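Hydrogens, waters and symmetry mates are skipped; everything else that's a heavy atom, side chains included, is used. Protein chains get the first letters and strands the later ones, always in sequence-line order, with residue 1 at the start of each. Note that the structure is predicted; figures quoted are calculated from it, not measured.
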Number of protein chains: 2
Amino acid sequence: MKLTINQIAELAQVSKGTVSKVLNGHRGISDSTRERILKLVKQLDYHPDASARALALQKTGVLGFLIPHEAATSLTGNYWTSMLSGTSQRAAQAGYNLLVLTPPHEGDLQGALNHILKRSTVDGLIIGSELLDRDSLSELVLRKVPFVLLGRNPDFDHFSVDIDSVQGTTLMIRHMAAQGYRKIGALLGPAHYPYSRERLDAYQRTLSEAQLTWTASAHSDYRSDSIRRSLLSLLESHPDMDALFLASGGDFLLDTLRILRERGIELPRFGLGVFDDYPFMELLSPAITAIRQPLFEAGEEAVTLLLQLIQKTLPASRLVTLPTTLVSRESCGEVTRER
Amino acid sequence: MKLTINQIAELAQVSKGTVSKVLNGHRGISDSTRERILKLVKQLDYHPDASARALALQKTGVLGFLIPHEAATSLTGNYWTSMLSGTSQRAAQAGYNLLVLTPPHEGDLQGALNHILKRSTVDGLIIGSELLDRDSLSELVLRKVPFVLLGRNPDFDHFSVDIDSVQGTTLMIRHMAAQGYRKIGALLGPAHYPYSRERLDAYQRTLSEAQLTWTASAHSDYRSDSIRRSLLSLLESHPDMDALFLASGGDFLLDTLRILRERGIELPRFGLGVFDDYPFMELLSPAITAIRQPLFEAGEEAVTLLLQLIQKTLPASRLVTLPTTLVSRESCGEVTRER
DNA sequence: TTGTACGCGTTATCAT
DNA sequence: ATGATAACGCGTACAA
């Protein structure tokens, strides 16, 4: 049999209401009975049942992390897992449990969200925002569900944590220009993703600030064949390109390196800079210059923000923007000169 | 106001008991009222409250994935996240939610486990078994908590999903021997981890099967300084070593490559084989020969097994062992000969 | 075929 | 300071 509050009450010779008060730190209990109950609770290792507590309080003590893609693809890479890591860490430290919400099949996002919401399984939500439309988000606000966006949504103003794409792109393009590259192309993520647009803009602006008029860019989704197609056509239509800015990490880099090698294009004579840093980049030859995103920290910040929303303490600001750092390595000219 | 079963009942002009029966597919309801209720439910998008349902049924519809290390370290690598990915995928498809249980601070594992259990927040548990002792596991069995171990526990027989360390190690060592290496050393994970022992045994057995008597091995934990120390002492005490078997992935490879380069040891004249495969290994020069572990699949299998335990349908076998595959690349001799 | 009443374990309110 | 009692929302025997 499972231990219940009734049994504790019986053993302590009090009513269950008294036990509840002690457990929740309410005042108006004599020290003697408080200690008697506390001792019993500790001794029997009693913990109030989560479901019953949730029902009574209308709070589950659970945070949901909604990842917009199915687990098989999203949780295999570095991006979402690093954010999840930070989220999990801080949630655990704050005494919350973390539910990983991953659509059962690619595209079932809305359904998964609705399912969770209507059953009120979670107290709040952290949402990978890239695929949720304006209407869904509006409904969340309307229904007063506390939530935080991970990655800003351009046409929906809400509490969110973002990594500074503009600052990162500027950092990288300036660096590439400073290294002497003059015809810097850009391979970007899907055109409808907000950060693709931001990075494209920043890329163009920074180039023109550096008095470089040469420009070439292409979009691609995350499938290898798409990356290959986009990059090949970019290379062919711009044979004079002398450097490439990869505006996304993960498979972008792997496929790009394969293609560059196939075509006999040598780094760092041809420059390469990537948005997203991994430890292994240091071991490639040449090592790859990259923008390091504070993904773990973004996850942490998102939880912090969300908890404030749940507790209705107004956060300091609606938007937390985290800066990136440049990790300068050989693929982008630096070492060439020394040699 | 939140929609409740009472409101549905009222609107449908029936008692809530009837609504409940319809919702749960019980029979003994006339088609007309069933359809009337169903229509209403669909129309208003009603979903029964999760907490209330959990309280009544004594089932939460939630599975827990207990990772033995704090999120900051464990969820940053590839190992746990890949398993988590498979777990999340299959859980979602089976209609379960997945709770990521990660100790708030390194070492708080027992506390976290107890917390979850006593409150009965989950219907079942998938446990990264390496750090849980026999007593804790026994208690789980005693309390009839359905759980599955990810990674077999040598001194505790229970339902578990494991990746075949012995088969993988044998595969690799045979390959290295076939490539002509004669003095193959081994750098293993922490000595108290079960799979370290398994891999060490398999390493020695395979060598002796191949009539190779030369042997050298060292253990290390996952911190860079420890890896460095172990490897350096291994190299120094065995200057004639001509190949190395890295029995763990992740940072092991990164640190090892750094050290080998520092010391001017060239691959593949010196052979290198790693237990754990990553896409980027293909891009290193030379590319790294590796054992590929079916981590995602292990996560999936664990859920499948767990669901059977929860439904009390006896699984076919207590132990699911998944085979590895060898990914042969340049770091281990293959290409040398061709050149 | 449908409705009633109670239990699930906890918390909160209102008496005492 | 403590104790009854009524929610919380749902499932389910059992009665009608």
Once you round it to whole Å, what is the distance between P of C:dG7 and NZ of A:Lys16?
11 Å
Would you mind reading off the distance between A:His26 atom NE2 and C:dT11 atom P, rounded to a whole angstrom?
8 Å
Check whether B:Ser82 reaches the backbone of B:Asn78 with its side chain - one donor and one acceptor, N or O, closer than 3.5 Å.
yes
Measure from CD1 on B:Ile8 to P on D:dC10 and round the result to the nearest Å.
9 Å
Roughly, in whole Å, what's the span from CG in A:Leu3 to C1' in C:dC8?
15 Å
Is A:Tyr46 close enough to C:dG9 that one of its side-chain N or O atoms is under 4.0 Å from OP1 or OP2 there?
no
How about A:Ser136 and A:Asp133: does a side-chain donor come under 3.5 Å of a side-chain acceptor?
yes
Selection residues 45-70 of chain A - residue pairs positive for salt bridge (Lys or Arg N to Asp or Glu O under 4.0 Å), sequence neighbours left out
A:Lys2-A:Asp49, A:Asp45-B:Lys118
Expressed as a whole number of angstroms, how long is the span from B:Glu10:CD to D:dC10:P?
14 Å
Will you find, in the side chains of B:Asp123 and B:Thr60, an N or O donor that is under 3.5 Å from an N or O acceptor?
yes
Starting at CG of A:Asn24 and ending at C1' of C:dG9, how long is that distance when rounded to a whole Å?
13 Å
By a strict heavy-atom criterion of less than 4.0 Å, which residues belonging to residues 47-60 of chain A are in contact with DNA chain D?
A:Leu55, A:Ala56, A:Gln58
Donor-acceptor pairs under 3.5 Å, side chain of residues 299-312 of chain A to any protein atom, not counting sequence neighbours: which ones?
from: A:Thr304; atom 1: OG1; to: A:Arg90; atom 2: NH1; distance (Å): 2.7
from: A:Thr304; atom 1: OG1; to: A:Glu300; atom 2: O; distance (Å): 3.1

Derivation of the side-chain contact (heavy atoms from CB on, under 4.5 Å) call for A:Leu113 and A:Leu132
CA-CA 10 Å; A:Leu113 179 59; A:Leu132 227 45; 3.8 Å; yes
How are the rings of A:Tyr222 and A:Tyr193 set relative to one another: parallel (under 30°), tilted (30 to 60°) or perpendicular (over 60°)?
tilted
Nearest whole angstrom, please: distance from the P of C:dG9 to the NZ of B:Lys118.
15 Å
Sorted by chain and residue number, the salt bridge (charged side-chain N to carboxylate O under 4.0 Å, His left out) partners of B:Asp31 (sequence neighbours excluded) come out as none
Restricting to salt bridge (charged side-chain N to carboxylate O under 4.0 Å, His left out), what partner residues turn up for B:Glu139, sequence neighbours left out?
B:Arg143
Atom CD1 of A:Ile5 to atom P of D:dA4: distance rounded to whole Å?
14 Å
Tabulate atom names and distances for all N/O pairs under 3.5 angstrom spanning the protein and nucleotides 1-3 of chain C.
from: C:dT2; atom 1: OP1; to: B:Ser30; atom 2: OG; distance (Å): 3.2
from: C:dT2; atom 1: OP2; to: B:Ser30; atom 2: N; distance (Å): 2.8
from: C:dT2; atom 1: OP2; to: B:Ser30; atom 2: OG; distance (Å): 3.2
from: C:dT2; atom 1: OP2; to: B:Thr33; atom 2: OG1; distance (Å): 2.9
from: C:dG3; atom 1: OP2; to: B:Ser15; atom 2: N; distance (Å): 3.0
from: C:dG3; atom 1: OP2; to: B:Thr18; atom 2: OG1; distance (Å): 3.0
from: C:dG3; atom 1: O6; to: B:Lys21; atom 2: NZ; distance (Å): 2.8

